[in-house]
Number of protein chains: 2
Amino acid sequence: MRIGELSKATGIPVPTIKYYLREGLLAPGELTSPNQASYGEVHIRRLRLIRALVDLAQVPVAQVKEIVESLDADDIPLHDQIGRAHRALTPARKPTASPEARAAAAVEVDALLTRRGWTVEPEAPALATLIETVAALRTLGQDNLVAFLDAYAEAVERFTQLEVEAVAAPTRDQLAESVVIGTILGETLITSMRLLAQESTSANLWR
Amino acid sequence: MRIGELSKATGIPVPTIKYYLREGLLAPGELTSPNQASYGEVHIRRLRLIRALVDLAQVPVAQVKEIVESLDADDIPLHDQIGRAHRALTPARKPTASPEARAAAAVEVDALLTRRGWTVEPEAPALATLIETVAALRTLGQDNLVAFLDAYAEAVERFTQLEVEAVAAPTRDQLAESVVIGTILGETLITSMRLLAQESTSANLWR
DNA sequence: CGTTTATGGATACTGATACTATCCGTCGTA
DNA sequence: TACGACGGATAGTATCAGTATCCATAAACG
């Protein structure tokens with residue numbers, strides 16, 4: 001398959017495919033001559049993944065690169081592969097909260113993790129985001145929401161349990177891909193469902 | 001309070017505040033003379049909200065504008081206010097799936113909504129995203145995840161229920177603000193918690 | 001009372017991101 | 001053997017989220 005056919009097969013313009021190649025999101029095709037390469041099913045598959053992440057899940061291209069790199073690094077433990085993908089998914093956010101608010105939130109979050117028995121490394125980027133969010137909620141006067149942290153955590157555990165049950169991939173490669181897709185598209189799924197459920201509830205309560 | 005003090009009170013640089021004023025995210029201060037304005041508590045509060053949405057929840061500035069506009073439009077029903085905010089939160093996504101895949105997913109999602117008894121308008125942007133996501137999951141070969149749609153929906157209902165319980169605001173204005181903050185920061189909360197729960201689970205299973 | 005600093009308002013510039021477009025020399029096919 | 005497609009490189013574009021600069025005026029300080 002040449003690049004034109006790859007483009008037709010995926011609906012992605014040739015210049016965009018070239019861009020993904022340049023950025024290292026897509027492995028180069030096998031060169032059959034100095035200026036002729038051939039692409040296969042793998043490339044179609046990968047492009048579909050890229051598009052889902054970029055268009056649907058709005059993951060920045062640089063992050064998609066890290067994610068596919070972690071997928072291709074099948075020589076490291078699965079847990080580390082997932083860790084790499086997780087790191088790519090949590091953007092570095094400018095600190096919003098005051099140091100005091102953050103410190104208080106950190107204590108609170110720490111207690112939550114202990115209660116739930118979640119063992120995470122202290123440098124996990126998602127941890128910083130959670131702390132920052134709790135601090136922001138308090139600063140914005142939404143203490144009532146913070147009071148439900150444990151209930152939130154319980155519902156979140158349900159998702160994670162579902163996703164573990166859902167991954168039933170035959171090979172190690174496919175397992176990793178399954179987990180990563182589940183993590184990312186699962187979030188889009190949850191977000192859109194949540195909006196719909198809210199709309200329905202809001203219609204019942206306030207209209 | 002003048003703009004310099006506002007800047008000091010919030011930690012936001014003066015040029016950035018001016019930018020938010022230009023973009024209409026922040027109401028202008030009361031003019032005491034042709035080139036002197038005074039700002040109050042409302043402005044501090046609003047800036048904190050803007051920063052939480054922009055920095056923490058990564059909502060684009062244009063969308064934040066629509067959200068604060070919907071908050072200020074307290075002359076329309078609460079349900080419509082929330083609808084406006086919801087619309088601002090669902091970015092227009094380029095269609096990813098093939099027409100056939102989308103049509104199949106649409107049927108599936110429709111059945112789900114009926115089963116759950118969710119009543120949403122057919123033009124809800126989140127609906128399109130959900131359909132697109134289901135189609136993408138199928139195209140990417142993640143049918144096993146799609147099989148858990150109902151379980152996902154159930155867990156999502158749990159969140160919505162929590163959030164309804166959590167909003168206990170005295171006034172109509174504060175109710176709207178509470179719902180909007182809950183919707184947006186609640187998502188950041190869920191996302192970061194989910195990542196942490198996954199990391200913990202992944203450590204237990206695969207390390 | 002004069003000088004320095006801050007302010008509101010307008011306009012211009014910047015850096016990052018995600019593509020698009022163009023060019024060039026080569027290659028495969030008709 | 002002509003002609004469009006290709007690989008590879010470089011340059012250009014649009015959008016976004018601020019920053020920076022300028023101006024005339026107002027406030028604060030000595």
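Quick note on labels: first sequence line is chain A, next is B, and so on, each numbered from 1. These numbers were taken from a predicted model, which means no experiment stands behind them.
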Can we say E23(A) and K65(A) salt-bridge, meaning some charged N sits less than 4.0 Å from an Asp/Glu carboxylate O?
no
Walking DNA chain C from its 5' end, the first of Y20(A) and Q36(A) to be reached, judged by nearest nucleotide, is Y20(A)
Atom CD of Q63(B) and atom C1' of dT15(D): how far apart are they, to the nearest Å?
13 Å
Test for a donor-acceptor pair under 3.5 Å between the base of dT19(D) and the side chain of R22(B), counting only N and O atoms.
yes
Have a look at P60(B) and say if it touches a base, only the backbone sugar-phosphate, or nothing, with a 4.0 Å heavy-atom cut-off.
sugar-phosphate
What is the distance, to the nearest angstrom, from the NZ atom on K65(B) to the C1' atom on dC16(D)?
15 Å
Between E5(A) and R2(A), is there a donor-acceptor pair closer than 3.5 Å when you use the side chain of the first and the backbone of the second?
yes
Check whether any side-chain nitrogen or oxygen of K94(B) sits under 4.0 Å from OP1 or OP2 of dC19(C), and answer yes or no.
yes
Please classify the nucleic acid contact of P15(B) as base, sugar-phosphate, or nothing, using heavy-atom distances under 4.0 Å.
base
Taking 4.0 Å as the cut-off, does a side-chain nitrogen or oxygen of Y39(A) come that near to OP1 or OP2 on dG7(D)?
yes
Atom-pair distance (CD on E23(B); C1' on dT19(D)), nearest Å:
13 Å
Short question: side chain of E199(A), backbone of T119(B) - any donor-acceptor pair under 3.5 Å?
no
Starting at atom CG of N35(B), determine the distance to atom C1' of dA28(D), rounded to an integer number of angstrom.
14 Å
Would you say T16(B) places a side-chain N or O within less than 4.0 Å of OP1 or OP2 belonging to dT19(D)?
yes
